[in-house]
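Reminder, nothing fancy here: chain letters follow the sequence lines and each chain counts from 1.
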Amino acid sequence: MKYTKLSAAAALLASSALVLSACAPGGPAENEESGTAAPEGGNGEVMTGEAGNKLTVEPTDTGKADLGEIETQEGSISYSVGEDEFISYNSMTPETYSTYNSAITERMISTFAYFGTDGEIYQNEEYGTYEKISDDPLQVKYTINEEAVWSDGTPVTAADYILKWGVENPRITSGEGEEATPLFNSIAHEFGLRVPDAPEGDVDGKEFTITFEEPYADWPILLDTAQPAHVVAEQSGMGMEAMIEAVKNEDAEALAPAAEFWNTGWNTSPGELPSEEIAPSNGPYKFKSWEPGQSITLEANDQWWGTPPATQELVIRFAAADTHVQALQNGDLNVIEPQATVDTLEQLEGLGDQIVIQQDASLTWEHLDFNFMEESIFSDSPELREAFALCVPRQNIVDNLIKPLDPEAVVMNAREVFPFQESYQEVVDAAYDGQYDEVDMERATQLVEESGKTNLDVRIGYSAPNPRRAETVAMIKSSCDEAGFNVIDAGHADFFGVVQPQGDWEVALFAWAGSGQIASGRNIYHTAGIGNQNYSEYSNETVDAAWDTLASSVDPEVHAEQVKIIERELWESLHGIPLYAHPGIVAHSADIANVRNTATQSGAVWNAEQWARVE
Amino acid sequence: MLKFILRRFGSSFLVLLGASLLLYVLTINSGDPLKDLRESNADNREYLIEQRIDFMGLDQPWYARYWDWLTGVGKCVIGQCDLGTNRSGQQVIDLLGLAAASTLRLVVLATVIAMVFGVLIGILTAIRQYSGIDYVVTFLTFMFFSLPVFWAAVLLKEYLAIGFNDWLASPDPGFSWPTIIVVGLVLGLALQAVLAGNARRRLFTFLGAFVFTCAALPYMDWLNFARYPQLGPVVITLVGVAAAVGATVLGAGLKNRRVLYAGLITAVLGLVAYYATYGLLWDPNWLIILILAVVAIGVAIAIGRLMGGYSKGAATLVSVFTAVVMGGLIIVEHLFRSWPSYLEIVGRPIATIGSETPNFTGTFWEDFLDKGTQLLLPTILLALISLASYSRYTRASMLEVSQQDYIRTARAKGLNERQVILKHAFRNSLIPITTIMAFDFAGLIGGAVITEQVFGWKGMGELFRTGLEQVDPAPVMAFFLVTGTAAVLFNLLADILYAVLDPRIRV
């Protein structure tokens with residue numbers, strides 16, 4: 001017994017640590033406690049939507065439902081976009097602009113228009129209204145709600161939009177000639193470019209009118225987030241009158257202090273919430289607290305004049321996407337938008353009744369683009385393009401890769417409209433005859449032979465790693481190799497940086513994220529877009545003309561007409577092959593009502609002020 | 001010695017400088033900083049790309065960008081550090097401060113636990129070489145060592161967070177009989193393996209542990225321990241006395257009554273302190289805790305000195321150890337007391353992400369619990385993974401030292417086994433382990449990249465990873481600055497510690 005003492009000591013320590021002694025069991029004998037009891041009652045009746053999600057009010061269209069007379073419930077709801085930290089109250093500079101940042105600032109700064117769940121544009125009537133008062137020149141009159149105030153008590157006025165025009169005006173520059181750069185570091189310059197003069201209206205008033213130089217197709221969504229002008233005037237020391245005067249005169253020198261504040265004054269380090277004095281809210285929510293690296297909490301804005309937010313607090317947590325499912329299960333997050341993969345979906349389905357899964361399509365769409373640069377085998381050979389289009393197993397790809405995630409997924413036969421939009425069928429009927437619905441191996445083989453080409457290597461390039469795209473390429477290979485092509489998986493980690501500009505590809509497989517704008521596709525298909533977004537250097541006179549007509553018209557009928565022409569010509573000249581709209585998943589605790597998945601990039605948080613806990 | 005240290009500093013500085021240049025060039029060439037914009041279909045994509053090129057200085061040659069960074073860092077000498085901004089225009093120095101604080105909070109505890117338990121396991125497996133427990137522990141530590149972090153994290157969340165919370169929220173959280181029997185069997189087997197001895201002794205140990213578990217767990221159920229945990233003065237006293245006796249056995253041997261009495265007196269005073277400070281510790285702050293800790297240790301030292309006689313040193317050690325255990329028990333008792341009210345606030349105590357419950361407000365103890373419960377999972381994970389290296393190194397080192405002549409001599413001159421192991425073998429075996437510990441401490445500031453990510457902490461690892469992903473040199477270099485400097489400093493520290501542990505090295 002060499003270690004008797006050691007053993008004895010250890011035994012004593014171990015056993016005595018486990019000895020328990022107490023006089024009586026703790027607490028009430030029958031305790032029925034639950035920490036996060038759902039608030040009682042809610043706001044009236046609760047309905048169940050298509051996906052099993054609860055709704056307090058049935059939406060009548062794809063816009064926000066009218067919740068009617070409701071009161072803000074105590075409690076909080078957690079949501080996460082991803083792990084990226086909040087950066088700045090001003091999300092309109094190139095450095096701070098991101099979906100992560102906007103998810104927070106868009107709850108605090110209202111806009112005249114917003115996108116419904118299918119990308120349709122709606123007026124945010126609680127904030128203000130706008131109407132076109134003249135077609136030529138195009139004039140739009142904006143009216144801000146009489147009651148609209150910033151949370152520091154200052155009314156929202158035309159001044160905010162006059163400053164916005166100055167901020168987005170590329171003619172206000174620092175430096176001269178070649179060196180000149182816009183004074184305000186704004187992400188967008190459309191407002192200043194399209195509208196030559198500052199908005200007309202009383203600085204303290206609620207109305208203003210803007211006059212466009214030329215008709216502009218996307219006029220309804222031109223005016224987005226406008227920062228509080230009174231804060232800029234005060235913080236820069238310029239004073240409101242001087243600042244507005246300088247903006248109207250495009251006086252860069254005088255505006256320098258305002259620009260300095262606008263560019264950097266709202267940037268904060270993590271954890272340092274900007275005070276209400278410089279970062280007021282005119283939306284349903286305002287800042288409450290910020291735990292650096294953890295979360296930001298927004299609370300109901302007590303100065304908000306519209307329908308009150310349904311829940312007092314909205315917590316936006318910064319957590320990596322792969323932690324979301326378990327966090328939802330454990331109640332650390334209440335609403336999540338996980339990556340739409342089969343694995344994630346299985347995990348979510350395993351959680352049973354405690355959560356609701358909404359599976360829909362999004363405004364991002366996958367497509368194959370032919371390379372029209374000189375060295376590509378497809379550039380001068382419509383037969384080969386047709387042969388390739390005939391051998392791509394589109395239906396198979398959708399059935400195997402997308403259907404499991406979005407049961408209603410279909411092969412997409414258009415580029416500018418999506419299958420879940422109303423006008424889709426009409427556009428497809430007018431533009432596409434269904435010739436590529438089915439794989440036609442015989443015809444494809446014949447066309448390949450007729451083309452007389454001997455080098456039939458088809459490098460399909462995409463941004464790797466991407467399992468879904470790798471599988472898509474594998475499916476195309478197994479089909480098109482039969483027709484005589486030699487499909488090569490040319491996935492590259494830096495596809496857009498290196499491979500794509502060099503033209504070392506025959507077909508590119510990637511996705512465009514629809515912005516909701518009507519004329520944004522012009523950059524992709526117009527000859528003028530070469531060097532910008534027209535990666536494949538496609539050029540077609542009919543398409544160019546149609547885009548020009550579309551972009552310079554404000555008539556929805558003209559838009560619809562031109563889209564049909566564009567789609568028809570893109571099919572006929574085979575610019576590329578559309579495949580499918582990306583699936584999007586939203587999952588949330590079953591007791592949260594009014595969560596509605598949206599196809600747009602604003603994310604599930606788009607109607608966060610309507611989320612409420614119900615029984 | 002001073003000359004040696006200065007020379008080491010000088011060469012380390014040059015190494016850091018060279019490494020920083022290398023890392024900077026590697027970072028800015030590691031990918032395409034405009035990648036996210038290239039796939040964008042914003043109509044002003046060209047403008048955005050231009051803005052970013054301008055903001056990040058992408059059009060400048062590498063040496064100009066490096067020089068910009070270096071001059072910013074150089075200003076640290078005059079106290080105006082400028083580590084630049086990241087891609088979003090945030091000051092990197094602020095990000096660094098937050099990241100370092102968060103990382104230290106996450107990894108220090110785990111590393112200390114891993115070191116203490118690793119060394120203990122190492123000693124145990126060394127003195128029981130080639131026994132059953134040696135094989136089992138070796139198997140387990142290697143298994144933990146090779147766990148993929150993200151996968152283990154998912155399992156921990158599933159069982160310890162979600163499972164535990166569900167269990168706690170169930171109407172009657174308790175142990176089922178199968179659970180109790182399995183726990184009893186495992187505990188019994190483990191304990192008899194640790195304590196060893198002949199078959200009879202092993203059987204008794206096993207039965208004792210098994211019966212104890214079968215009685216204790218239902219008793220805890222009856223106490224409603226999961227929701228209303230409590231220790232009570234009796235348990236505190238028992239554990240305190242056990243600590244005093246145990247420490248005496250290890251430190252001086254039970255025959256040394258003076259040391260034993262010093263420990264026992266401290267334990268009794270601890271019980272007195274439990275009642276005396278009850279009101280003070282109802283809702284304290286860190287200052288009060290710190291003062292009480294200093295007082296407790298001061299009193300313990302005094303008792304050791306007064307009671308110890310010839311064995312002052314040993315008596316002081318035993319007395320201080322007992323005081324620390326008593327202090328810990330008192331804190332645990334207060335945490336237990338706050339547990340029910342904490343549960344009322346959060347409902348599900350163990351979260352899967354984050355370092356605290358958002359907007360949590362509560363008493364000092366509730367706050368303590370909130371931060372503690374969030375630390376639990378990552379700490380377990382990190383400690384389990386790093387257990388292997390410490391235990392294996394200690395074991396190897398102990399075995400090597402045990403074969404030295406001076407160990408045989410020590411036994412031959414009649415020293416008892418406790419003295420041979422603790423005074424002669426263990427102390428000498430610590431020398432190589434010191435190197436590993438120093439390196440580990442330097443490494444831990446670098447963060448546990450994956451652990452941070454899966455548990456939603458924003459630490460140094462995240463700073464580095466995001467910087468590298470966005471091909472944004474400033475955060476990566478800030479990370480390098482801290483970890484590189486730490487590596488150099490801790491190496492130096494290891495050299496100095498050698499001298500303390502091994503007089504022969506002293507110059």
| task | Tell me, with the steps shown, if B:Ile353 and A:Arg317 meet side-chain contact (heavy atoms from CB on, under 4.5 Å). | result | CA-CA 9 Å; B:Ile353 48 167; A:Arg317 299 188 71 154; 4.0 Å; yes
| query | Relative to chain B, which segment of A:Ser186 carries a heavy atom at a distance below 4.5 Å: side chain, backbone, both, or neither? | reply | backbone
| By a 4.5 Å heavy-atom criterion (distance strictly below it), what part of A:Ala493 contacts chain B: side chain, backbone, both, or neither? | backbone
| task | For each of B:Glu158, B:Gln91, B:Glu462, B:Met56, tally heavy-atom pairs with chain A at distances under 4.5 Å, and name the one with the top tally. | result | B:Glu158
| Roughly how far apart are B:Leu34 CG and A:Phe496 CZ, rounded to 0.5 Å? | 13.5 Å
| request: Sort out for me which of B:Ile162, B:Asp32, B:Val454 touches chain A most, counting heavy-atom pairs under 4.5 Å. | output: B:Ile162
| message | As an exercise: rank A:Asp322, A:Asp84, A:Asp332, A:Asn330 by heavy-atom pairs under 4.5 Å with chain B and give me the winner. | response | A:Asn330
| said: Quick check on A:Phe191: does its CZ atom have over 12 non-hydrogen neighbours (other residues, nucleotides or ligands) under 6.0 Å away? | reply: yes
| message | Using every non-hydrogen atom in the two residues, find where B:Gly89 and A:Asn267 come nearest and quote the distance to one decimal. | response | O-ND2, 4.0 Å
| Which atoms of A:Thr264 come close to chain B, meaning under 4.5 Å heavy atom to heavy atom: side chain ones, backbone ones, both, or neither? | neither
| message | Please classify the contact between A:Leu333 and chain B as side chain, backbone, both or neither, with a heavy-atom cut-off of under 4.5 Å. | response | side chain
| request: With rounding to the nearest 0.5 Å, note down the distance linking NE2 in A:His324 to OG1 in B:Thr352. | output: 9.5 Å
| request: With a 4.5 Å cut-off on heavy-atom pairs, point out which of A:Pro501, A:Gly331, A:Ser78, A:Ala327 contacts chain B the most. | output: A:Ala327
| Nearest heavy atoms of B:Gln90 and A:Phe86, plus distance in Å | NE2-O, 3.7 Å
| field | Derivation and outcome, side-chain contact (heavy atoms from CB on, under 4.5 Å), residues A:Val315 and B:Asn359 | value | CA-CA 9 Å; A:Val315 180; B:Asn359 303 305; 4.0 Å; yes
| For residues A:Gln294 and B:Ser355, is any side-chain donor paired with an opposing acceptor at under 3.5 Å? | yes
| task | Search all heavy atoms of A:Thr96 against all heavy atoms of B:Ser88 and return the closest pair with its distance. | result | CG2-O, 4.1 Å
| said: I'd like to know if the side chain of B:Lys458 and the backbone of A:Glu83 have a donor-acceptor N/O pair within less than 3.5 Å. | reply: yes
| task | Would you check, one step at a time, whether the test side-chain contact (heavy atoms from CB on, under 4.5 Å) holds for B:Arg87 with A:Glu95? | result | CA-CA 6 Å; B:Arg87 199 171 83 177; A:Glu95 286 81 49; over 6 Å; no
| query | Between A:Ser76, A:Ala319, A:Pro94, which has the largest tally of heavy atom pairs under 4.5 Å with chain B? | reply | A:Pro94
| query | chain B heavy atoms under 4.5 Å from A:Pro182: which part of the residue, side chain, backbone, both or neither? | reply | side chain
| query | Does any heavy atom of chain B fall under 4.5 Å from the side chain of A:Glu272, the backbone, both, or neither of them? | reply | neither
| note | Of all heavy-atom pairs linking A:Thr323 and B:Gln453, the shortest is CG2-O, 3.8 Å
| field | Options B:Pro358, B:Ala161, B:Gly31, ranked by heavy-atom pairs under 4.5 Å with chain A, top entry | value | B:Pro358
| query | Heavy-atom distance under 4.5 Å to chain B: side chain of A:Ser295, backbone, both or neither? | reply | side chain
| query | With only heavy atoms counted, which part of B:Ile49 is less than 4.5 Å from chain A, the side chain, the backbone, both or neither? | reply | neither
| query | Once you round to the nearest 0.5 Å, how far does CG of A:Asn185 lie from CD of B:Gln51? | reply | 5.0 Å
